[in-house]
Amino acid sequence: MDWGKRKNSYLAARSTVDAAERTEQEVARDTELDVTMTVYEFNERQAIVETASKALTIAEDAYAQALQRFIRAQADAYSLTVAQSHWQTARQNQINSLKNYWLAYYHLRRLTLYDYQRYKTSAVYLLQLFLS
């Protein structure tokens with residue numbers, strides 16, 4: 001007789017296994033949610049990049065027109081400075097949107113372990129590089 005020692009050991013081991021399974025399920029759920037949110041963010045960033053590019057084109061045209069008006073003495077230095085400021089702001093916004101786009105892309109790539117350019121799983125690609 002072991003006075004229930006084996007049963008208690010079994011129940012403790014079963015509890016540990018159940019806790020590990022719950023943790024695994026939570027991690028899988030969290031990862032899936034993170035991938036879903038990153039895909040959504042990536043798609044949003046793509047739209048923002050397109051909008052920022054259009055805004056930059058408009059700002060460049062406005063600056064070119066302001067410069068031509070300034071050269072012909074039809075505009076003052078203040079309007080030229082304002083147009084230049086808008087152009088620089090649009091350029092900086094486009095650079096920031098591109099940065100955020102690529103950060104979201106590489107975050108998504110890291111989460112999914114998938115290389116979208118080579119259409120391969122990154123882990124497989126790294127293994128092939130390591131073995132060759």
Side-chain angles (χ1 to χ4, degrees):
M1 274 175 110
D2 61 3
W3 301 91
K5 186 175 180 181
R6 266 188 245 170
K7 184 177 181 180
N8 286 338
S9 295
Y10 170 78
L11 291 176
R14 188 70 205 156
S15 176
T16 303
V17 168
D18 289 344
E21 287 174 351
R22 279 193 304 276
T23 302
E24 181 183 346
Q25 289 172 355
E26 288 174 8
V27 167
R29 204 171 35 243
D30 290 346
T31 302
E32 184 179 336
L33 181 62
D34 197 12
V35 168
T36 302
M37 294 304 293
T38 303
V39 167
Y40 177 76
E41 179 184 349
F42 177 73
N43 291 335
E44 289 294 316
R45 298 282 181 206
Q46 192 169 11
I48 290 170
V49 166
E50 292 170 5
T51 303
S53 295
K54 289 177 186 175
L56 178 60
T57 303
I58 292 169
E60 286 173 345
D61 292 344
Y63 176 70
Q65 290 174 2
L67 182 61
Q68 290 301 318
R69 285 195 312 267
F70 180 76
I71 290 171
R72 291 186 303 230
Q74 295 174 343
D76 57 352
Y78 177 73
S79 62
L80 180 64
T81 305
V82 168
Q84 184 180 19
S85 174
H86 287 301
W87 176 42
Q88 289 173 342
T89 302
R91 213 169 68 203
Q92 188 63 43
N93 287 342
Q94 187 203 24
I95 290 168
N96 286 336
S97 67
L98 282 170
K99 179 188 85 165
N100 291 333
Y101 171 83
W102 286 109
L103 287 173
Y105 172 79
Y106 284 111
H107 181 66
L108 179 63
R109 220 176 122 172
R110 187 184 59 198
L111 283 175
T112 59
L113 295 177
Y114 190 77
D115 186 354
Y116 295 98
Q117 293 173 341
R118 291 185 181 89
Y119 302 106
K120 292 182 179 179
T121 304
S122 296
V124 171
Y125 179 69
L126 291 174
L127 185 61
Q128 289 172 350
L129 285 177
F130 181 73
L131 293 176
S132 60

- Message: Given 3.5 Å as the limit, does a donor-acceptor pair link the side chain of Ser85 with the main chain of Thr81, or not?
- Response: no
- Is it true that Phe70 and Val82 fall in one hydrophobic cluster, defined by side-chain heavy atoms closer than 4.5 Å? no
- Item | Closest contact, heavy atoms only, Ala62 versus Ala83 | O-CB, 4.3 Å
- Query: Are Val17 and Leu11 grouped together when hydrophobic residues (ILVMFWY) are joined by side-chain heavy atoms under 4.5 angstrom apart?
  - Reply: no
- Query: Would you say the side chains of Asp76 and Ser79 form a donor-acceptor pair under 3.5 Å?
  - Reply: yes
- Looking only at non-hydrogen atoms, find the nearest pair between Ala104 and Glu41 and report the distance. CB-OE2, 4.3 Å
- Task: First locate atom NE2 of His86, then atom CG of Leu56, and finally report the distance between them rounded to the nearest 0.5 Å.
- Result: 13.5 Å
- Kindly give the heavy-atom pair with the smallest separation between Tyr101 and Arg45, and that separation in Å. CA-CB, 3.9 Å
- Item | Side-chain donor or acceptor of Thr51 paired with backbone N/O of Ala47 under 3.5 Å | yes
- Message: A side-chain contact here means heavy atoms from C-beta on lying under 4.5 Å apart; do Thr89 and Gln92 qualify?
- Response: no
- Message: Starting from Tyr106, can I reach Val49 by hopping between I/L/V/M/F/W/Y residues whose side chains sit under 4.5 Å apart?
- Response: yes
- Should Asp18 and Arg14 count as an ion pair when the cut-off is N to O under 4.0 Å? yes
- Task: Locate the shortest heavy-atom distance separating Gln94 from Ala52; write the atom from each residue and the value.
- Result: CA-CB, 3.8 Å
- Message: Parallel, tilted or perpendicular, judged at 30° and 60°: which one describes the rings of Tyr105 and Phe42?
- Response: tilted
- Kindly compute the distance separating OH (Tyr40) from OG1 (Thr36), expressed to the nearest 0.5 Å. 12.5 Å
- Query: Counting heavy atoms not belonging to Gln74, are there more than 12 under 6.0 Å from its CD?
  - Reply: yes
- Spacing of Arg22 atom CZ and Arg29 atom CZ [to the nearest 0.5 Å]: 11.5 Å
- Item | Over 12 non-hydrogen atoms of neighbours within 6.0 angstrom of CD in Gln88 | yes
- Message: Would a single hydrophobic cluster contain both Ile95 and Trp102, if residues Ile, Leu, Val, Met, Phe, Trp and Tyr are joined by side-chain heavy-atom contacts under 4.5 Å?
- Response: no
- Note on the structure: Taking every heavy atom of Ala90 against every heavy atom of Ala55, the minimum-distance pair comes out as CB-O, 4.1 Å
- With Leu108 as reference, evaluate Asp34, Leu103, Thr38 under the side-chain contact (heavy atoms from CB on, under 4.5 Å) test and give the passing residue. Thr38
